[in-house]
J.: 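Right, I'll just put the structure down here and ask away after.
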Amino acid sequence: MSRGSAMSRLNPSEIEPKWQAAWDEAGCFAAVRDPAKPKYYVLEMFPYPSGRIHIGHVRNYTMGDVIARYKSSCGFSVLHPMGWDAFGMPAENAAMASGGHPKDWTYSNIADMRDQMKPLGLSIDWSREFATCDPEYYAQQQRMFIDMLDAGLIYRKAAVVNWDPVDMTVLANEQVEQGRGWRSGALVERRELTQWFFRISDFAEELLEALDGLENWPEKVRLMQANWIGKSRGLQFAFSLIDGPASHDRVEVYTTRPDTLMGASFVGISPDHPLAKALEKDNPEIAAFCAECRRMGTSEEELEKAEKKGFDTGLRVRHPFDTAWELPVYIANFILLDYGTGAIFGCPAHDARDLEFARKYDLPVTSTYAPADPAAEFVAPEAGGEAYVPLKSEKVRYVKGFAGDELQTGEQGIDTAIAACEEAGVGRGVTKFRLRDWGLSRQRYWGCPIPVVHCSACGVVPEKRENLPVRLPDDVSFDLPGNPLDRHPTWRDVPCPSCGAPAKRETDTMDTFVDSSWYFARFTAPHADTPTIAEEADYWMNVDQYIGGIEHAILHLLYSRFFARAMHLTGHLPEKSKEPFEALFTQGMVTHEIYLTRDENGRPVYHLPEEVERTEAGVVVKATGEAVEVVPSAKMSKSKKNVVDPVEIVASYGADTARWFVMSDSPPERDVEWTAAGAEAAFKHLGRVYRIAFELKEAGAPEGGAEDTALERATHRAIADVTEGIEGFAFNTSIAKLYGFTNTIAKYKASAGARAQAMRVMAQLMSPMTPHLAEEVWSMLGGEGLVARAPWPKADPAMLVEDTVTLPIQINGKRRGEIEVAKDADKATVEALVLAHDAVVKALDGGQPKKLIVVPGRIVNVVA
RNA sequence: GCCCGAGUGGCGGAAUGGUAGACGCAGCGGAUUCAAAAUCCGCCGGUAGCAAUAUCGUGCGAGUUCGAGUCUCGCCUCGGGCACCA
């Protein structure tokens, strides 16, 4: 192949490093605080350093990069940083599984991932990079912990954890498999430990109300958060206990359905309720039942899915409205101590779970209301039907109501019931939240140490600020069960910061959600020796566009919203940053087919995409010819071997192809299926664009300029459409328009000058997605400077207006023809043309239309 | 179990309540070539028909509307979250 023809083909391995070096040299991506310019802060959720980047990361960061490069072209001073969510369990697991130190494992993974990310050509300001496990970072986190402790935002209380009695360690929910520890296989116990908590529930009302102001967040995320916070209005009251144990003469309950009070059938209490604890002391059967309940994991999912079980304590309570009416008290495994009062009354007629429970233990079922329409088809729960649970907004007929009208909605029933109970002195209306305080203690090594000291004389004492950071000791091992900090020979023993007497350090570290709850603020002053710097935070905050996975819709985002408020209260963020994320975009996953065969026992054996091939007979294993089962579109996972390695894609096709493909096929909020054919197609298209530019540069245009104006119009149309796509996070439609624009340029008979102009605009429009190719085309066709520095093109509205428009004609809603009319034709003109149309004349058969609907510029509908 | 989404040709998907299937992939036909690769051009939802055209068609079933992929209600399937995975 001659040198000339080699250059006529796109060669990513040559141009990509070249332009990356040019951007670096020009300092294109350094975020500069320039008060003369508007700023734009775009942030993708930072990754956990697993060691390999994943095609999902490529998609996530490319989206952010498209926004960053676009906003930069629009004249904004852009902040687009990257860092590492570097504390957490996998590093410790790796140390336990294969030796080594979590620190070495983590930093080596970070170096590997950075090396894999750099070739993607992302417009990241790498000078701001940090990892949350850097002592410089967690020192500031410890400083804020002490500030928040002083401000009363943090406290200690007992809470239950999953305890593995063999490994002597606390397990995460995901480490509990069918009630057993994943490593030891031991039956997991629930154990109470004294732990640290953030008072996030004090902010429940505020966090809920402020959701309304988050206009550029997806509605579904706001809904999920609102449901999670779970504001409810209900009745709190007490059943008086008959012959209860000492100091227990009542059971306080909370209900959101006080209108069902006359349908009460039993009282249920949590196995962790003080009354249950008092009873189990001298009743071995109750103790055994509570112990069984405590063998369940701590997750709400597990509690809800478990078979509902109860234990009749033998105790009875009196109904508040009828002292002769006695109800049994059960300890029930599905009642959470943390929610409400840890005790409920069960109304089986109107709650599926209570009904299951009542039928199991042969408890009475009494309806308090029935459908408003007596004729409605309905099997009452007492007659074997399902629990009757209509919407609260629906009108029902109260058959055992005690307040309000017989016919009223559930909402009205609840309101009148609360009022009646308050009137009768039975209870009071209260507002409660489902949101619980945020437990931040973790009994693990690889996390930010909680900077407090336990002194026998002074109690819990914060470390002195000048002694921060409390560094993690490096000399630890993971060959023994339990937390290495607990058994460290010297690290634990320190003098009390208050009295100087020998004392012990706190050995709990912080939940990694704390690390990720303020990293976005730290990026504004990543190397400061305070958590933030006021001028920097004032300028750069808030995050204008945050991008990440929908899996973070609740916890990470809610914790961050709380933490920003806590940082404001402790003077680390301005008032405006109480809601730190102006706009949120949640992207879908990248999926891939799974290829599997079966071994002799029928168990699946997975195969890598490169190990299989498509033949006429179907998909087979290349080496053996064995037929392969194909599972479509599954979340990528290492164990299923359906992971696509972006490093290989970049090596064979270049970064631009990888970026173009992940942005092209699916709408960004949806999952995208990676296919080899799709990547190939992306590469071909980029090659085509390059070739058009190359031929234009070498030979000019083949023939005259008859369609120069048409091409100019198409260029403005492309600018408008592509810009709209980027602004609206519809990158796939922007790319579809760019395909169309390429076809147009190839087809139109335009002069060399007009084509070059169109191609320069093409380069600009492509530059957010395929920045290297864009620079190459730009420089080939005489663009000035770097396309990365060129201002975004503007569409001229005058060039977008069409003269005529085709109106489809519908007859009774079905398309039967079309007419061509002037863009601004008035209704009368259109109506006349429509009535004269053959199909319409035929359909009307001489009669008059019943109705004639003209939607200007869109459609005409004749109702015959 | 509870909360939140998604479902459109062979495939990925497009469509302010207004022509369903833009754009891409795959497939089919053609040009170029000694041949191939690469490239270029055309066709491409189902059914009936030579065709014009008719008819069905956006997971399923109802409803609102002149008009529904889009709005409402009830289902089905798949995905995310459920507080110690990140």
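Protein chains get the first letters and strands the later ones, always in sequence-line order, with residue 1 at the start of each.
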J.: Do A:Tyr653 and A:Glu680 pair up side chain to side chain, a donor and an acceptor below 3.5 Å, judged on atom types alone?
T.: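 The answer is yes; a qualifying pair exists.
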J.: Looking at B:A20, B:C84, B:G80, which one has an atom nearest to any side-chain atom of A:Glu551?
T.: B:G80
J.: Atom CG of A:Asn861 and atom C1' of B:G17: how far apart are they, to the nearest Å?
T.: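 About 13 Å, once rounded to whole Å.
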J.: Who passes salt bridge (charged side-chain N to carboxylate O under 4.0 Å, His left out) against A:Lys395, sequence neighbours left out?
T.: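 None.
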J.: With C1' as the reference atom in both, quote the distance from B:C60 to B:G7 in angstrom, rounded to an integer.
T.: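 Nearest-Å result for B:C60 against B:G7 at atom C1': 11 Å.
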J.: Base, sugar-phosphate alone, or nothing: which one does A:Asn812 contact when heavy atoms must sit under 4.0 Å apart?
T.: nothing
J.: Without decimals, in angstroms, what is the distance between A:Trp196 CH2 and B:C84 P?
T.: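 Answer to the nearest Å: 17 Å.
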J.: On RNA chain B, compare the nucleotides closest to A:Pro808 and A:Ser664; which residue's is nearer the 5' end?
T.: A:Ser664
J.: Give one of base, sugar-phosphate or nothing for A:Ser441, where a contact means two heavy atoms less than 4.0 Å apart.
T.: base
J.: For A:Arg436 and A:His556, take the nucleotide of RNA chain B holding the closest heavy atom to each; which residue's nucleotide lies nearer the 5' end?
T.: A:Arg436
J.: For the side chain of A:Arg691, starting at C-beta, report the closest nucleotide among B:C40, B:C82, B:C84.
T.: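 So the nucleotide nearest the side chain must be B:C40.
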J.: By nearest atom, which of the nucleotides B:U55, B:C23, B:C82 is closest to the A:Tyr739 side chain?
T.: B:C23
J.: Quick one: closest heavy-atom pair of A:Asn333 and A:Cys293, and the distance?
T.: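 Closest pair (atom of A:Asn333, atom of A:Cys293, distance): CB-SG, 3.6 Å.
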J.: Scan A:His552 against the nucleic acid and name what it touches under 4.0 Å (heavy atoms): base, sugar-phosphate only, or nothing.
T.: base
J.: Please give the stem ranges for RNA chain B, sorted by first residue number, where a stem is three or more consecutive Watson-Crick or G-U pairs and both donor-acceptor distances are under 3.5 Å.
T.: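 So the stems come out as B:1-7 with B:76-82, B:10-12 with B:23-25, B:27-31 with B:39-43, B:45-48 with B:53-56, B:59-63 with B:71-75.
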J.: To the side chain of A:Phe513, which of B:C4, B:C40, B:A86 is closest?
T.: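 The listed nucleotide nearest to A:Phe513's side chain is B:A86.
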J.: Using a cut-off of 4.0 Å on non-hydrogen atoms, how would the nucleic acid contact of A:Ala553 be classed: base, sugar-phosphate, or nothing?
T.: nothing
J.: Nearest to the A:Arg688 side chain among B:C23, B:C84, B:C40, which nucleotide is it?
T.: B:C40
J.: Return the nearest nucleotide to the side chain of A:Tyr559; candidates are B:U19, B:C66, B:C84.
T.: B:C84
J.: Using the side-chain heavy atoms of A:Ala681, tell me which of these nucleotides is nearest: B:C4, B:G24, B:A83.
T.: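 Closest nucleotide among those given: B:G24.
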J.: Hey, does the side chain of A:His350 reach the backbone of A:Val389 with a donor-acceptor pair shorter than 3.5 angstrom?
T.: no
J.: May I ask you to check if A:Arg222 and A:Trp217 form a cation-pi contact, with NZ or CZ under 6.0 angstrom from the six-membered ring centre and within 45° of the axis?
T.: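 Judged by the rule, A:Arg222 and A:Trp217 form no cation-pi pair.
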J.: Considering every strand and a 4.0 Å limit on heavy-atom distances, what is the contact class for A:Val855: base, sugar-phosphate, or nothing?
T.: base
J.: Report which part of the nucleic acid A:Glu680 touches: base, sugar-phosphate, or nothing (heavy-atom distance under 4.0 Å, all strands).
T.: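 No contact at all - A:Glu680 keeps every heavy atom at 4.0 Å or more from the nucleic acid.
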J.: Just checking A:Leu223: base, sugar-phosphate only, or nothing, at a heavy-atom cut-off of under 4.0 Å?
T.: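 Sugar-phosphate, backbone atoms only, no base.
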J.: Quick one: list whatever passes side-chain hydrogen bond (donor to acceptor under 3.5 Å, both in side chains) with A:Arg434, sequence neighbours left out.
T.: A:Glu300
